[in-house]
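A note on names: the letters A, B, ... follow the listed sequences, proteins ahead of strands, and every chain is numbered from 1.
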Amino acid sequence: MSLSSLDKSPTEEAAPGKAIVQMVGVEKWFGDFHVLKDIDLVVDQGEKIVICGPSGSGKSTMIRCINALEEYQRGRIIVDGVPLTQNLKNIETVRSEVGMVFQQFNLFPHLTVLENLTLAPIWVRKVPKREAEETAMYFLQRVKIPEQAKKYPGQLSGGQQQRVAIARSLCMRPKVMLFDEPTSALDPEMIKEVLEVMIELAQDGMTMLVVTHEMGFARTVANRVIFMDEGRIVEQNAPEAFFNNPKSDRTKLFLSQILAH
Amino acid sequence: MTDPTLTAAADEQRPPFWRTGAAGWVRTNLFNTWYNAVLTVLILWGAVAVIPPMMDWLILNAVWGDVGPDACREAGAGACWSFIHEKYRLILFGLYPFDEQWRPLVGLVVFIALLGVTMRRQLWGRPLALAWAVGAPAILILMYGGVFGLTYVPNTNWGGLPLTLGLSVVGLVVAFPLGILLALGRRSEMPIVRSLSVVYIELIRGVPLITILFMASVLFPLFLPSGVTIDKLLRAQVGMILFAAAYLAEVVRGGLQAIPKGQYEAADSLGLGYWRKMRLIILPQALRISIPPLVNTFIGFFKDTTLVIIIGLFDLLNSAKTALTDRAWAGFYIEAYLFCAIIYFIFCYSMSRYSQNLEAKLETGHKRRR
């Protein structure tokens with residue numbers, strides 16, 4: 001296993017400056033449960049990747065490995081040239097370069113929206129408060145809720161909270177954005193407002209890895225759609241080919257179920 | 001509006017009179033079921049039986065003012081408040097030299113004033129820090145003396161309310177951060193830190209405070225090289241801090257556990273790092289939800305300070321007991337204990353009210369999301 005990953009690595013690292021996330025032969029276990037099996041994934045700068053698959057297929061776990069919210073036991077992950085190892089400093093560097101949006105928003109309830117947005121820039125990037133607030137207001141405008149700056153997260157709707165969460169990540173000027181089922185906890189009308197923000201972000205050239213079942217979003221913005229099952233990347237392709245011409249039976253079954261309604 | 005059918009309809013929509021006003025309240029709250037009615041009657045009867053005689057004893061027949069103990073021993077005499085009149089300085093200030101008792105009094109007033117100001121979060125800042133930096137040494141100078149023409153009073157003579165308040169406030173101020181560190185240690189991913197925290201907490205919690213004070217007082221000096229002595233009051237204070245820290249650690253840990261995992265992950269994903277994550281994200285939320293049990297512990301600790309009698313320190317309650325040893329005034333222990341109870345109650349109730357106030361202020365409007 002480790003040998004084969006070594007074989008692959010030279011070719012995959014051959015495009016310097018272009019690949020921003022590289023996962024090589026990544027394996028992960030939760031106890032005895034083998035969640036990620038031989039994951040090889042290279043994400044180029046500006047690429048938008050949608051990851052789908054049945055629940056428990058390891059898709060969330062995979063993107064959570066990219067900012068070290070999950071550890072992995074074998075293989076290598078390199079983000080923007082920084083290898084993710086046990087080294088805490090590397091981990092914190094990678095985390096400050098990689099934005100993450102969660103299914104449950106995870107805004108800080110004891111801070112106002114503005115404070116949520118300025119906290120990390122001020123404490124991690126050492127940006128002066130004034131400047132951090134200007135940046136925060138800019139991104140709040142981008143996600144179309146500048147008027148909520150002084151409110152607390154608990155006073156906002158789910159869709160608004162998720163947009164604040166996206167803005168919070170953007171304030172760190174990340175090089176990659178990870179989305180872990182960003183619309184799964186939202187009502188249908190709120191899904192739309194969040195997806196709109198994400199589409200705009202994609203059009204601006206952000207590198208994005210999105211775990212979602214929003215296939216319309218995948219068709220609109222994705223360069224590549226990845227289908228995972230039982231911890232493996234089963235199939236990956238451009239959206240047209242992926243949806244119209246799936247190769248594996250497992251993908252066909254999944255697509256028939258998810259597109260049926 | 002003049003349509004008669006409309007006003008008639010409005011009349012009908014009004015609740016019937018026995019459902020509103022005082023009558024309605026009595027009916028729905030006191031006599032809504034037969035057993036509630038029985039309870040109401042019983043309690044009223046009990047109140048009538050108890051309250052008037054109590055008032056007689058407490059106030060109407062009580063002996064007030066500067067009269068000797070004999071007046072209190074006359075038949076039909078109520079509470080002997082002249083005992084308190086005679087002894088309140090001993091109770092409040094213990095064995096502190098009588099003529100110098102203005103010093104602990106001034107110290108006490110300054111201390112309580114500083115605490116009162118500190119309770120207002122909007123006043124936190126450099127001026128307040130400065131006030132403490134000046135106030136705290138000033139209080140100590142007042143209490144110890146030995147300079148500025150003040151006679152020296154060793155802290156073995158300190159007692160009463162200043163001792164109770166000093167031991168508990170200093171104890172809590174030092175024990176609280178220690179408790180937070182222990183709580184974080186117990187949840188640490190580093191096995192050695194975690195085991196040390198667990199062992200400390202379980203060991204200290206498993207032992208009565210009296211034992212710790214006793215060990216601090218009697219056992220600890222045995223380990224010191226001969227000739228080296230550590231102040232008795234300091235030893236008691238350290239013992240109480242070590243004890244309180246273990247309890248506070250568990251309260252804080254409870255709060256930490258209530259914070260959803262997503263908060264940790266969001267802080268991590270922003271690259272905050274462990275200490276900033278804890279200080280800026282996790283602890284502010286964890287401590288807020290821990291306010292009720294924290295105050296519970298604070299109040300308990302405040303009252304536990306009275307156990308310092310075991311090593312011969314005279315706090316408020318023990319000074320009151322000392323006052324009772326006066327042969328001439330023997331037997332008026334109810335008055336002495338009531339007096340102490342009122343003082344304890346004022347402080348504990350203030351803490352309770354303040355914590356409720358603080359909780360309301362820190363509430364950010366809506367429930368947290370899981």
Q) Where the side chain of A:Glu92 meets the backbone of B:Asp268, is there a donor-acceptor pair that is under 3.5 Å apart? A)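 Checking the backbone N and O of B:Asp268 against the side chain of A:Glu92, no donor-acceptor pair under 3.5 Å is found.
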
Q | Exam field: side chain A:His110 to backbone B:Leu362, donor-acceptor pair closer than 3.5 Å | A | no

Crowding at [atom1], [X] (>12 non-hydrogen neighbours, <6.0 Å):
X	atom1	answer
A:Glu71	CD	no
A:Lys89	NZ	no
A:Trp123	CH2	no
B:Trp132	CH2	yes
A:Gln86	CD	no
B:Glu189	CD	no
A:Phe30	CZ	yes

Q) What distance do A:Ile122 atom CD1 and B:Arg276 atom CZ have between them, rounded to the nearest 0.5 Å? A) 12.0 Å

Q | Heavy-atom closest pair, residues B:Ala266 and A:Phe108 | A |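 Here B:Ala266 and A:Phe108 meet closest at CB-CE2, 3.8 Å.
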
Does the side chain of [X] reach to within under 4.5 Å of the side chain of [Y], using non-hydrogen atoms?
X	Y	value
A:Phe102	B:Ser269	yes
B:Glu265	A:Arg64	yes
B:Leu270	A:Arg168	yes

Q.
Does A:Leu111 form a side chain to side chain contact (heavy atoms under 4.5 Å, CB included) with B:Leu280? I'd like the steps, not just the answer.
A. CA-CA 10 Å; A:Leu111 301 175; B:Leu280 301 168; over 6 Å; no

Q: Answer with side chain, backbone, both or neither: which region of A:Leu178 has an atom nearer than 4.5 Å to a non-hydrogen atom of chain B?
A: neither

